[in-house]
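Pasting a structure below so you can have a look.
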Amino acid sequence: MHTKKYGIYGGQFVPELLMPALEDLESEYNKFSKNPDFLKDLTYYLTDFAGRKTPLYYARNLSKKYGIKIYLKREDLVHGGAHKLNNTIGQALLAKYMGKKRIVAETGAGQHGTATSMAGATLELDTLIYMGSKDVKRQMTNVQRMKMLGSGVKAVETGSKTLKDAINEALRDWVTNIETTHYLIGSVVGPHPYPMIVRDFQSVIGNEVKKQILEKEGRFPDSIVACAGGGSNAIGIFYPFINENNVKLFAVEAGGNSMQVTDKAAMHSASMCSGEIGILHGACTKVLQNREGQILESHSISAGLDYSGVGPELAYFAENGRVSPCNVTDNEALNAFHELCFTEGIIPALESSHALAYVMKNAKSGLLGDLVVVNLSGRGDKDLNTVINITGDSYENC
Amino acid sequence: MKIAEKFEELRENKESALIAYICAGDPDSHVTKSAVETLVEGGADIVELGLPFSDPIADGPTIQEASDRAIRKGMNPDKYFELVKSLSVKVPLICMTYYNIIHKYGIRSFVDSCIEARISGIIVPDLPIEESTELKQCCENNNIDLIHLISPITNDERLKKILNNSSGFLYLISQTGVTGSDSNIDSGLESLIKKIKKYTDTPVAVGFGISNLSQVRNIISYGADGVIAGSVFVKTIASGKNMEHELLQIAKELKMGTRHD
Ligand SMILES: Cc1ncc(COP(=O)(O)O)c(C=O)c1O
């Protein structure tokens, strides 16, 4: 039976106004995702625009240092610098096939906003990006990139003025302009069918890894490690392996400064590790909330992981034990960032640095086995300011 | 008082309902209490009291800001029920909140607390009919109305599903959008109201963007049993100037439009 839920997680907790649009989206997606023209267009854009397939790179120096084989799935090499484009190209193409003229999206750091703007520009869709006003100030370069690509950028002044408020505002826009507009959500979050659609578009990552690792090693890895904010790069690389029970799957959340929580804010973004069951942005999932059910502001050094919820399907896999949720701190991620720069000549995104940090921390314990694939979800050029503000720009002592 | 009884009473008096929404605890419980009393004095037949949530996706800026202010001032479910219990107005009271608040409180306990506070109905704007089974059951067992929303783009299949489950009244959204947006009430609404009334005896009240007398008159002339106004009151409370006087005037004006002549 087809279900809109993963166990108790997922569902459609949205205003009545959105229900027809969600039903429509689901049936159109089911139709076009089997349509040969759609699939041909998707392959074309993924190959020649996004630059797929991405390499599965054997990180020789890192492997030597930690005594296990470490492969990096190079999503940092996708056009735009992150896995985000896999989803935005897919959904923008879907919007086009559905006859929509306009797309709206939320963005936190600006990565999803940039990837949406790229897809919107090439597919000639009118594009508007909602971004919390705090994030607009923190991420000026990405704001300028989005504008350069022809998108409108609207600063959101309500609530905590960050990602969760940008999602609220994008949902409100969609409610208002439902006939013309597709809401292009940026991760495996939100009401059904979004978590399914985004998972499917991101599964290209895991499907490639499956072939590549067999070619290179003749076997599946012992474990796969990915960072999880909303969870799209994680579920994208995990999903094709979900029935391969010998492959351990680790979703690394942002442990922030500490696991402390006040009545208004969490010092971290680890909703699977320490959140509770709740309803946020249209789905039942693990959320960071206070005693009264108000959603807490989250924290992470990496803007892309800084979110108070997580995709419902990932919450489900975490609960049934298929995926192991874990977390590393801001500092551990920062150290992993520097280490990858030095040892492999790759500047990783701070998000992806969380996955790397977990591997570095646990490689020697045997937990991960002998053959590990890390999803290097993005490149770190966007994070240089953040890193320099903390570390300074003198690296002699690193 | 039951919502159905109120509509019955209004029908006998040849009136439709003025349903007034404000956000509890904005800017504090004391003001909310006097605002509710003023609204009822001005003619509100039913009062909808918002229990604020941090992420109100169905609300426009006016009610979002009110929710933020109320939460910052410490409004929470326990204080909310305390406040409602302290009200002495005789009209039916409705609790409007988002599902996470109820879920976290516990569905059973939430409904119990509503009963204790003599609340007659609950509206949850992010809980469509498909997800509402558990709360619905609990409300039914306790004689509280769970009020569902309908929009101009709700298709016939969904419409029937919702109508079959309706109780209290049906909350018809005037147009696509969020609360507080400018509403252009048009004849599309008239045929929609007529269609709904063909299928059900449950009263129909129209909300979202209702702020003046002529809108109310039009909606009532289309056959609606009531109108819901919120942002216009919330704005008045936020401005703080002459609040009671202003609320009274607006309520009186809107109420005028609900009297059939
Ligand atoms: C490079 C990178 N990795 C990971 C994420 C987190 O998103 P998700 O958990 O959906 O993969 C982001 C989000 O902006 C990102 O830019």
Side-chain angles (χ1 to χ4, degrees), chain A residues 4-5 8 10-24 156-161 164-181 190-192 263-264 276-285 287-297 308-309, chain B residues 51-61 63-65 67-68 71-72 74-80 97-106 110 124-132 148-155 157-159 161-162 170-173 175-181 208:
Chain A
K4 298 173 194 297
K5 293 212 168 144
I8 62 161
Q12 298 176 312
F13 295 86
V14 295
E16 173 58 28
L17 267 167
L18 286 184
M19 292 302 290
L22 293 174
E23 284 174 4
D24 197 38
V156 176
E157 299 287 353
T158 49
S160 59
K161 303 180 174 50
K164 81 177 173 68
D165 310 282
I167 298 181
N168 293 337
E169 210 49 35
L171 282 166
R172 292 181 188 114
D173 180 308
W174 197 31
V175 163
T176 311
N177 301 297
I178 209 139
E179 307 277 333
T180 57
T181 300
H192 177 81
D263 207 38
K264 258 197 81 77
E276 301 171 349
I277 295 168
I279 286 93
L280 178 63
H281 297 141
C284 176
T285 185
V287 300
L288 302 173
Q289 62 181 357
N290 70 11
R291 271 191 4 258
E292 292 146 10
Q294 308 297 357
I295 305 300
L296 298 173
E297 288 176 32
S308 322
Chain B
L51 166 53
F53 176 51
S54 53
D55 295 76
I57 52 178
D59 285 302
I63 296 178
Q64 286 169 47
E65 284 159 19
S67 305
D68 283 348
I71 293 168
R72 243 181 287 131
M75 183 42 69
N76 64 35
D78 289 338
K79 286 189 188 152
Y80 177 88
T97 194
Y98 285 80
Y99 196 49
N100 196 51
I101 298 286
I102 300 176
H103 185 269
K104 174 68 182 166
Y105 197 90
F110 193 87
V124 192
D126 63 344
L127 193 69
I129 190 109
E130 286 81 354
E131 307 284 2
S132 69
H148 291 294
L149 290 91
I150 294 177
S151 90
I153 57 172
T154 302
N155 59 36
E157 196 185 323
R158 291 189 61 72
L159 191 61
K161 227 188 312 181
I162 297 170
L170 287 153
Y171 191 136
L172 175 59
I173 297 168
Q175 59 178 12
T176 62
V178 290
T179 55
S181 18
F208 280 39

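Below, chain A is the first sequence line, B the second, and so on; all start at residue 1.
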Where do G293(A) and F53(B) come nearest, in terms of heavy atoms and distance?
O-CE1, 3.3 Å
Is chain A contacted by the side chain of P128(B), its backbone, both, or neither, given a heavy-atom distance below 4.5 Å?
both
Show the nearest heavy-atom pair for residues D165(A) and D55(B), with the distance to one decimal.
OD1-OD2, 4.4 Å
Within-4.5 Å side-chain heavy-atom neighbours: P15(A) and I57(B)
yes
Please check this pair: side chain of D68(B) against backbone of G159(A), looking for a donor-acceptor N/O pair closer than 3.5 Å.
yes
Whatever's closer than 4.5 Å to a heavy atom in chain A on I150(B) counts as backbone
So do E179(A) and I153(B) actually touch side chain to side chain, heavy atoms under 4.5 Å?
yes
Side chain, backbone, both or neither of P61(B) within contact of chain A (heavy atoms, under 4.5 Å)
neither
Where on K5(A) is there a heavy atom nearer than 4.5 Å to chain B: the side chain, the backbone, both, or neither?
side chain
Minimum-distance pair of heavy atoms, taken over all atoms of L17(A) and Q175(B):
CD1-O, 4.3 Å
Is R172(A) close to Q64(B) at the side-chain level, that is, under 4.5 Å between some pair of heavy atoms?
yes
Non-hydrogen atoms of chain B under 4.5 Å away: do they reach the side chain of I277(A), the backbone, both or neither?
both
Any heavy-atom pair between the side chains of Q289(A) and K104(B) that's under 4.5 Å?
yes
Smallest separation among heavy atoms of T176(A) and V178(B), with atom names
OG1-N, 4.2 Å
How far apart are the closest heavy atoms of E23(A) and R158(B), and which atoms are they?
OE2-NH1, 3.3 Å
Counting only heavy atoms closer than 4.5 Å, note whether D59(B) contacts chain A via side chain, backbone, both or neither.
backbone
Is it the side chain or the backbone of D24(A) that comes within 4.5 Å of chain B heavy atoms, both, or neither?
neither
Check whether any side-chain heavy atom of Q294(A) lies under 4.5 Å from a side-chain heavy atom of I101(B), and answer yes or no.
yes
Top of N155(B), L127(B), T154(B) for chain A proximity - count of heavy-atom pairs under 4.5 angstrom:
T154(B)
Is K4(A) salt-bridged to E131(B), going by a charged N under 4.0 Å from an acidic O?
no
Option that, when pairs with chain B are counted at under 4.5 Å, heavy atom only, ranks first among I178(A), L296(A), T158(A), L18(A):
T158(A)
Given a strict heavy-atom distance threshold of 4.5 Å, which part of I295(A) is in contact with chain B: side chain, backbone, both, or neither?
both
